[in-house]
Number of protein chains: 2
Amino acid sequence: MTTVSRAFNEKAIIKAETRKNILAIADKIGYVPNFNARGLVTKKKFIIGVFFSSLHDGTSTSFFSAAIGSLYDALPDNYLLSINDIKRVNSFEQLVQNRVDGVLVVSQSDDDDEFIYQVKSSGIPLVVINRYISDREICNIASDDFAGLKDGVDYIASRGHKRIGMIEGIAGFTSSVQRRQGFDQSVISNNLTPVEAAIKIGDYSSKTGQEKMAEILALPKEQQPTCVVCGNDDTAIGALRACYLNGVKVPDDISLIGFDDIFYSSVSIPSLTTIRKPIGQMAGLGIKDLIAIINGEKVDIANRVKIQPQLVVRESVAKL
Amino acid sequence: MTTVSRAFNEKAIIKAETRKNILAIADKIGYVPNFNARGLVTKKKFIIGVFFSSLHDGTSTSFFSAAIGSLYDALPDNYLLSINDIKRVNSFEQLVQNRVDGVLVVSQSDDDDEFIYQVKSSGIPLVVINRYISDREICNIASDDFAGLKDGVDYIASRGHKRIGMIEGIAGFTSSVQRRQGFDQSVISNNLTPVEAAIKIGDYSSKTGQEKMAEILALPKEQQPTCVVCGNDDTAIGALRACYLNGVKVPDDISLIGFDDIFYSSVSIPSLTTIRKPIGQMAGLGIKDLIAIINGEKVDIANRVKIQPQLVVRESVAKL
DNA sequence: CTGTTAGCGCCTTCAC
DNA sequence: GTGAAGGCGCTAACAG
C-alpha cells in the first residue's frame, strides 16, 4: 500500500523499476489516487482559488477570458482552478480557508483590499496580480501602467498632436491614478497642451466612454483636442461610437487611443491604437509564484514585479 | 461529534434547538466541516466540472464570460466550479472521474462527442448545453438556432430585402447546419433570392468574416446581395470591417445581421442587429438539472429543452 | 528500498 | 433525539 503511494508521489524514494511496474498496473486497472483521502492526510486541496473583483461588471470579458486562459497554461496538472467573484464570497471559511491551497487575486480596485487582508491574515498563500499593492509582504505582480500610458502619449506627441484630452478610468482605482500620472508626465516632457474641458472622469465602461466623448465633441470646434486618450479600450470603443453618431471621423477629424488591447480593439472601426496590458504574463507568473509559495519554496515576495505594457499601433491616431 | 455532524447536514434528524446551539458555537470558534473528510465518506467532491470546447479559439470571449456568470448564479453554495478545456483533458480519470461530482459540457462542436460519451459511459452525472444532442439518454439544453435564424431572415424580408447572402459558421457544426436551415426555410417562405455567389463558408471568426465579406463586395455591383446574414456576431464584426475598408456604408449600401448578441455588437459601428442566444438561461437550467441528477432526483432527461433565441433590432439592417 | 501501523475528520450504522 | 464504534483511502513515522 505504501509502496503504491510512493509510486504516485514524485519525490518519494522508490526503485525506478518498482514504480514503473506499479504505474503500469494502475493504468491497466484504472486506479487513480483519491484526492479526498490524500488531502485529508496532507491537508491539501489541490485547488487554487482565483478571485476577480467582479465577474459581472467592471471586468471586461476579453480580460477575463485572457486571464483564465493563461492561468491554465501555467497551472500544474492535478490542480484545479476555482474561479470566483470577491463580491460573492459569503463565507470566507467555507469558500476559501477550507477549500483552496492558495489564492490568486486578480484585483482591479481598492475595494478588494479587505478581502486581500483577510486572506493574508489567515495565512493562506496569496498572490495579487493586476494592481499595485504597496504592502511588501504580499507577492504582487502588476503592469507598469504609468510607463504604458506615458509611451502612448509620447507616441501621440510624435504624430504631431498638441492639444489632448482624456477620459479617465474609475476614480480611485490604482490603475486610473497611474495612467493619469503617465499622461501628465508625457504632457510635461513633450510640452503638450492638456485641454481642461476635455479631461473627463469615466468608469472604464463603453457607455460612459460614449457619453463623455459626446460632451467633448459638443465643445466649440476651436476648443476641442486633436486626440483623446481613453482609460481603457472599452472606453475608447464607446468614444468611437460617439464620434460615429456625431458624424465625426476617426482619425481624420479626431484621434483616439485606448489601453488594454482587448480583442475587439483589433476589429473596431477604425481599429484602435492602444497599449497592450500583459495580462497573460501576469497571470502566468502569478500562478508560478503561488505554487512555489504553496510548496514552501523561497519566493522573493518583496520584489515588486512590474511588467511593461507595449504600444500597439493601429489606425486610430492620425499623423498631423 | 455525531450531533455536530448532524447539525451541519440539512436533512439529518436533530432537535432544532440543539442545531441552533451547535451552529452558534461553530460560528464563534470558526469551525467549518472539512470537505476532504466529508467527501472521503460520502464520495462527493462538491465540485462541478464545466468543460468548454475550447478556451482559446472558437469560444467568443463574451460567450465565455456570460456562461460563467450565469453558472455561478445557479450554483448552490458550497459547490465549486472547475472550468476546463475539453482539448486539454489529459487524464480523464484524474481530471474528471476522480475530482468532480458532475460534468456540464458547453459544447460547440461534434468534436466534443468523444468526451461526452466518455463521461456518459463512466456514469458521471452529465448535462450538455449549447448544442443539440440527439441521444435521448443525455440531458440536453440547447437554443433553437433554426427558429432564431428564421426569425432574423423573416425580419430582413419585412424590411424589404430580396437578394440575400450568408457567411456560414464552421462546416459541420450543428449550429451552422441549423442556422443554415433556418435561412433556407425563411428564404422559401418569404420568396427571397439567395445569391449563390454570396453564400460563403466561414468559421465563426472575425478574420474569416472580414475575408469572406471582402469577396462578396468584390462581386459586380448588380450581383451583390442587399443584406448578408452572418453565422455569428464575430463574423459580422469582421464583415463590418471589410465594408469599412472598402468604403461601403452599413446599412446604407449593404445590410448585415449577426447571431449571439455578444457585448460588442451593441457598441460596434453601426451597432449590430442580431439574434440573442440565451446562453445565460441555458447555463442556469443546465446547472439546476445537473445538481438534481447528482442528488438523485428525477429529471426528465429525454425532454430535449430548446430555448428560443430573440431578435434584437439595432442599426445594421436598412429599410429598403 | 519496502512493509507495518496509526490516524487525518467526517458520516453511517447501531445502540440507547 | 443523542452518543459510541467503525471505517472511508491515503500518507507519515517507524522498523526492517
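By convention in this document, chain letters (A, B, ...) are assigned in the order of the sequence lines, proteins followed by strands, and residues within each chain are numbered from 1. Only a predicted model underlies this, so the values are computations on that prediction, with no experimental measurement involved.
- Within the nucleic acid shown, A:Ile14 comes within 4.0 Å of sugar-phosphate atoms alone, with no base atom in reach, counting heavy atoms only.
- The aromatic rings of B:Phe115 and B:Phe51 lie tilted to each other, with the angle between the two planes from 30° to 60°.
- Neither OP1 nor OP2 of D:dT11 sits under 4.0 Å from any side-chain N or O of A:Thr2.
- Rounding to whole angstrom units, CG of residue B:Asn21 and P of D:dG1 are separated by 15 Å.
- Of the two residues contacting DNA chain C, namely B:Phe35 and A:Ala16, the nearest-nucleotide position lying further toward the 5' end is that of A:Ala16.
- Side-chain N/O atoms of A:Arg6 and base N/O atoms of C:dG3 include a donor-acceptor pair closer than 3.5 Å.
- Side-chain nitrogen and oxygen atoms of A:Ser5 include at least one within less than 4.0 Å of the OP1 or OP2 phosphate oxygen of D:dT11.
- Listed here is the closest heavy atom pair of A:Arg136 and A:Ile301: O-CG2, 3.7 Å.
- Taking only side-chain nitrogens and oxygens, B:Lys43 comes nearer than 4.0 Å to OP1 or OP2 of D:dG9.
- For B:Lys15, the side-chain atoms get nearest to D:dT2 when compared with the rest of D:dC10, D:dT2, C:dT2.
- Using a 4.0 Å heavy-atom criterion, one finds that B:Thr42 contacts the sugar-phosphate atoms exclusively.
- The residue among B:Met1 and B:Ile13 whose nearest nucleotide of DNA chain D lies closer to the 5′ end is B:Ile13.
- Between B:Asn9 and C:dC11 there is a side-chain polar atom (N or O) within less than 4.0 angstrom of OP1 or OP2.
- Look at CG on A:Asn34: it is 6 Å from C1' on D:dG9, rounded to the nearest Å.
- The residue A:Tyr31 sits close only to the backbone: its heavy atoms come under 4.0 Å of sugar-phosphate atoms, none of a base.
- The distance from atom CG of A:Leu40 to atom C1' of D:dA12 is 13 Å, rounded to the nearest whole Å.
- Ion pairing between a basic and an acidic side chain is recognised when a charged N comes within 4.0 Å of a carboxylate O; A:Asp110 and A:Arg131 show such pairing.
- For the pair B:Asp113 and B:Lys120, the salt-bridge criterion is not met [side-chain N within less than 4.0 Å of a carboxylate O].
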